[in-house]
Every structure is written in C-alpha cells, then in structure tokens.
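Working notes, beginning with the structure itself.
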Amino acid sequence: MTETISGHRGLVMDEPLLFEQDEAGRTGVDLAEPEDLECRLGGLERKGRIGLPGLSEPQIVRHFTRLSQKNYAIDSGLYPLGSCTMKHNPRLNEKVVRLEGFAHAHPLQPVSTVQGCLDVIATLAHWLTTLTGMPGVAMSPAAGAHGELAGLMTIRAALEDRGDARKRVLVPESAHGTNPATAAHCGYEVDAIPANDRGRLDLDAFKQALDDDVAALMLTNPNTCGLFENDIIEVARLLHDAGGFFYCDGANFNAIVGRVRPGDLGVDAMHINLHKTFSTPHGGGGPGSGPVVLSEALVPYAPLPYVVADGDDYHLVEHDEGGKSFGRLRAFHGQMGMFVRALSYMMSHGSDGLRQVAEDAVLNANYVMKRLKGTYHAAYPAPCMHECLFDDQSLKDTGVTTLDIAKAMIDEGFHPMTMYFPLVVHGAMLIEPTETESKQSLDQFCDTMVGLMRRAKEGDAEWFHTAPHLAPWRRLDETAAARHPVLTWQPPGGEEAAA
Ligand SMILES: *Cc1c(COP(=O)(O)O)cnc(C)c1O
C-alpha cells in the first residue's frame with residue numbers, strides 16, 4: 001500500500017489523540033476577561049495549565065465524528081461474532097426509548113411519578129416469565145455475567161437456608177469464561193466437565209462428578225458449539241436428585257425463544273441477555289441487561305428491589321424485612337433504557353414474530369454451515385442451532401491460522417467471527433449470522449470465506465501473516481498490548497506542563 005503525504009488514506013483520516021492536537025489557549029468559547037476576580041480557593045489557585053487540550057469546536061466535532069467512522073458496527077456491516085448475537089437494533093426501539101417520560105426519568109423520583117416505568121418493568125417481567133415458563137424474574141442485573149452472579153447468589157442463599165453449605169459448581173469445558181469466573185467469585189470450587197464427541201456435555205463424566213457437595217451445574221443451552229444439549233432433561237433430573245440447582249446460561253436464548261421454555265427443561269435459574277436476544281444495542285463493554293428468571297424454589301431468595309402491582313398501582317419493594325432475599329445487587333432497579341427497548345422489540349414482534357426470530361436465526365446459521373462446510377472443517381456435523389462452528393483442520397499445512405483468517409476478514413470489510421472459542425475445538429471459528437441478515441449478505445460473506453481458503457491453499461501464507469493490509473492499523477502485537485499497556489498520556493512538556 002502506498003503511503004500518503006498526510007497520513008490519511010482515501011477519505012479515512014489519520015486521527016491523533018485530542019492531546020496531540022492541543023494548542024495552548026485555543027478554545028471553543030469566547031468568554032470576557034472577568035473583572036475584579038477574587039480567588040476564593042484559599043491559595044489553592046491554579047498555577048499553570050492542568051493539561052487539558054486547547055481545541056476549537058470544529059476540531060472536537062471532527063475528532064469524534066472520525067472516530068465514529070472508524071468504528072465498525074452492526075449498522076455498517078455483517079458482524080458474525082459467535083455467541084455475541086450482533087443483530088440489527090430496530091429503530092422503533094430507539095424512538096420509544098427517547099419518549100420524554102422514559103428518557104428523563106430519574107431513579108430517585110417518587111414512585112408515584114414513575115408508574116409508567118414500573119409498568120414497563122412489570123410487563124417485561126411478565127413476558128420474560130411467560131417465554132421461559134418460569135414463575136419469577138429478578139430484573140436488576142446489568143449484564144449476562146451480572147445475571148450469573150445474581151443466579152448463583154440466589155442459589156447459595158437457598159442452600160444456606162436449608163443448612164446445606166455445598167462447595168462445588170460444575171461447568172462444562174465449552175462454557176463461556178464468565179461461568180467459571182462467576183462460580184469462583186461466589187467462593188465455589190469449579191470442576192470442569194468435558195464435552196463428548198458430539199459437542200455436548202459428557203453425561204457419564206457429569207454423573208461421575210455429581211455428588212451431594214454440588215451446589216449447581218452451569219450449562220449453556222443451546223451450548224457454545226451451537227448445539228442443543230439433548231440430554232438436558234436427564235441432566236436436570238440427576239442434578240435435582242442429588243440436591244443441586246440447575247443454572248442455565250441463557251445467552252443463546254435467541255435460538256429457541258418462542259419454541260422452547262427453559263422452565264419445562266428443569267432449569268432453576270437462567271439469565272437472559274436482553275442485549276442479545278431482544279436486540280438492545282451492545283458492544284465495547286455496555287450497555288447490557290441480564291434479568292434472571294427463577295424457579296419456585298429460588299424465588300424467595302431473589303435480589304431486591306422488585307416491583308409489585310397493587311390494583312392499578314405499582315410499588316417497589318426495597319426492603320425485605322423478615323424475608324429471605326439475599327439483598328441488594330446494585331443501586332437501582334435495572335437498565336431502564338434496555339427494558340424499554342427490549343419490550344418494544346417484543347411487542348412489535350408479537351409471539352409469532354419472536355418464534356420466527358429463533359427459526360430464522362437457526363435457518364441462517366445452517367445456510368452458512370452448508371455453504372462453508374465443503375471448504376472449512378465443521379467441528380460437528382450439521383445441523384446446528386443459531387451459530388456454526390468450524391475448526392482449523394482445513395488450514396493444516398497452509399501455514400495460515402485462524403487468527404490470520406480473522407485478520408484477512410478485516411481487509412475484506414467484515415468484522416471477524418469469534419476465534420479460539422469455545423476451547424473444546426482447535427482453532428475455533430464460531431459464526432453467528434443472526435436472523436437479520438439477508439441472503440445476499442450471507443452469500444457475500446460465504447464467498448469471501450471461501451475465497452480466503454482458496455488463497456490460503458494457494459500458498460499465500462506471508463500475505464496472511466501481515467494482514468490486515470488496508471485497515472488504519474496493521475497487525476498489532478496483542479501480547480505486548482496485554483502485557484505492557486500504555487494507559488496514560490504524557491504531555492510533551494513532561495511534569496512541568498502537568499504541574
Ligand atoms: C455473552 C455471553 C455471556 C456474558 O454476557 P454479558 O452480557 O456479556 O455479561 C455469558 N455466556 C455466554 C454464552 C455468552 O455468549
């Protein structure tokens with residue numbers, strides 16, 4: 001790629017940090033010099049610059065606009081990141097959430113003035129319990145991982161209440177990293193259960209690991225290989241017989257919503273990532289929302305606060321005097337903006353539409369699986385659920401790795417698929433197209449994937465190793481970035497300028 005004089009490329013601008021664009025005294029506002037200024041800081045007045053960059057308004061506008069243009073998003077193209085469910089976020093949701101009563105509500109307002117918001121929370125809770133076939137739901141968790149924490153704390157409270165201090169939590173090897181992390185954070189010993197050769201929980205290994213010290217099993221269904229755990233009813237029965245609780249990671253609920261009710265499978269607690277299944281925008285660490293549905297046995301131990309209806313009025317239960325709630329998980333009642341968007345999504349789809357969401361998500365994933373399976377090695381034979389999993393067997397002897405394919409995808413204008421997860425498969429490539437992609441965009445994606453494999457087989461490994469070639473940044477040293485992160489910016493004048 002030829003270098004340019006400016007550092008820009010096409011209309012993609014080289015974007016320095018605001019601090020690097022700094023010019024002392026430059027400002028976006030024109031304030032008059034104050035007369036008779038009297039310092040009221042008792043000698044603490046500023047002696048020099050504090051290191052904030054001097055910038056004009058157009059500079060700031062351009063800076064953030066350019067950064068936003070560098071940001072690949074579901075609104076700019078296909079985002080096949082497996083497990084993350086990067087589906088289209090309907091604009092209707094955005095319109096509804098900007099209604100003044102929702103957008104301007106404050107969590108410390110008197111309850112009588114936010115009845116509409118509480119109605120949204122209660123209605124959404126009703127739909128979540130209906131769709132899952134579970135009697136209760138805790139709405140406050142702020143993400144899937146936070147929902148896992150809420151679920152395990154509820155389970156621990158229930159066990160403690162019956163004087164049963166169990167120590168172990170079983171987690172399949174294919175689980176999302178948050179599962180063992182949550183269990184460990186709750187003070188449990190985590191025991192990994194291997195997958196069988198069909199990509200499901202190994203039932204015999206599970207039976208062997210199960211005893212009366214097991215507090216819970218955390219199982220994802222459909223699992224992170226994109227497969228339905230078809231022994232799930234037997235698993236739930238064995239677990240309950242041993243006195244343990246069944247935690248289901250519901251991040252993949254989008255594959256079965258409207259078709260399967262987890263409550264019918266024997267699940268005791270399951271978080272629902274509203275930002276995945278119910279389309280609220282997410283990425284880069286937030287926002288999220290992870291309500292946890294709970295079985296009859298767990299409902300009394302659920303976290304505070306919760307909403308109760310009293311005739312036409314809604315109340316918030318903030319304290320649980322004499323009750324069994326394990327307490328409060330966070331300051332307020334949950335992610336209101338996500339609640340409104342998720343409810344808007346549900347109501348605009350209706351029950352038939354939600355069922356179709358699951359069906360089309362599965363259809364699209366199987367289409368991709370079918371188109372790629374002759375070229376890439378499918379980790380498990382089709383059919384899959386909402387995502388398809390390939391390993392790196394087909395790349396053998398090419399010198400090209402899963403990472404190289406992902407980097408080359410960036411040059412091709414696609415966000416890479418999920419790589420090296422789940423861990424049960426070598427060089428995993430996990431592709432989740434979601435139901436909102438058209439056949440054309442799926443075909444373009446598949447053609448690109450097939451083309452890259454052809455290139456890899458033609459012996460172009462060197463080209464792959466230096467990809468991406470067309471992105472603003474070339475291949476980054478990810479190890480150095482993780483080991484020696486540069487988290488502070490030093491002003492050019494050093495300490496003197498910062499004083
Ligand atoms: C996304 C995901 C999580 C974690 O959810 P967050 O909302 O990101 O905290 C847990 N398990 C699985 C399988 C997931 O895909």
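Numbering of ligands and ligand atoms starts at 1, following listing order.
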Closest protein heavy atom to atom 9 (O) of ligand 1, given as residue, atom name and distance to 0.1 Å:
Ala145 N, 2.8 Å

Can you tell if the side chain of Pro422 reaches within under 4.5 Å of the side chain of Leu430, non-hydrogen atoms only?
yes

Which is closest to atom 15 (O) of ligand 1 in terms of heavy atoms, Gly82, Ser83, Gly290?
Ser83

Heavy atoms only, cut-off 4.0 Å: how does His282 contact ligand 1, side chain, backbone, both, or neither?
neither

Has His146 got any heavy atom lying under 4.0 angstrom from an atom of ligand 1?
no

Under 4.0 Å, heavy atoms only, figure out whether ligand 1 is touched by the backbone of Ala251, its side chain, both or neither.
side chain

In residues 377-386, what donor-acceptor pairs under 3.5 Å come from side-chain atoms, sequence neighbours left out?
{"residue": "His377", "atom": "ND1", "partner": "Asp391", "partner atom": "OD1", "Å": "3.0"}
{"residue": "His377", "atom": "ND1", "partner": "Asp391", "partner atom": "OD2", "Å": "3.0"}
{"residue": "His386", "atom": "NE2", "partner": "Asn252", "partner atom": "OD1", "Å": "3.3"}

Does any N/O atom on Lys276 come nearer than 3.5 Å to any N/O atom on ligand 1?
yes

Using 30° and 60° as the class limits, which term best fits the ring planes of His176 and Phe421: parallel, tilted or perpendicular?
perpendicular

Please report whether ligand 1 has a polar contact with Thr224, defined as an N or O pair separated by less than 3.5 Å (distance criterion only).
no

May I have the step-by-step check of side-chain contact (heavy atoms from CB on, under 4.5 Å) for Asp231 and Leu201, ending in yes or no?
CA-CA 8 Å; Asp231 288 326; Leu201 182 82; over 6 Å; no

Are Asp213 and Arg168 within salt-bridge range, i.e. N to O under 4.0 Å?
no

Answer whether the closest heavy-atom distance between the side chains of Pro287 and Met338 falls below 4.5 Å.
yes

Return the closest protein heavy atom for atom 5 (O) of ligand 1 as residue, atom name and distance.
Asn273 ND2, 3.0 Å

I want to know if ligand 1 touches Thr220 in the polar sense, i.e. an N/O pair below 3.5 angstrom.
no

Inspect the contact between Asp161 and Lys324 and indicate whether a charged nitrogen and a carboxylate oxygen are less than 4.0 angstrom apart.
yes

Met270 vs Val292 side-chain heavy atoms within contact, under 4.5 Å
no

Give the residue, atom name and distance (to 0.1 Å) of the protein heavy atom nearest atom 4 (C) of ligand 1.
His176 CE1, 3.9 Å

If you take the nearest heavy atom of each of Leu149, Thr178, Thr418, which one is closest to atom 10 (C) of ligand 1?
Thr178

Looking only at N/O atoms, are Cys84 and ligand 1 under 3.5 Å apart anywhere?
no

From CA spacing to verdict: side-chain contact (heavy atoms from CB on, under 4.5 Å), Thr85, Glu432
CA-CA 7 Å; Thr85 314; Glu432 179 177 12; 2.9 Å; yes

So the atoms of ligand 1 within less than 4.0 Å of a heavy atom of Glu148 turn out to be 10 (C)

Over 60° means perpendicular and under 30° means parallel, so classify the ring planes of Phe278 and Phe253, tilted if in between.
perpendicular

Students should be able to answer this: which protein heavy-atom is nearest to atom 6 (P) of ligand 1, and at what distance?
Gly144 N, 3.4 Å

Atom 11 (N) of ligand 1: which protein heavy atom is closest, and how many Å away?
Asp249 OD2, 2.6 Å

Indicate yes or no: does an N/O atom of His271 lie under 3.5 Å from an N/O atom of ligand 1?
no

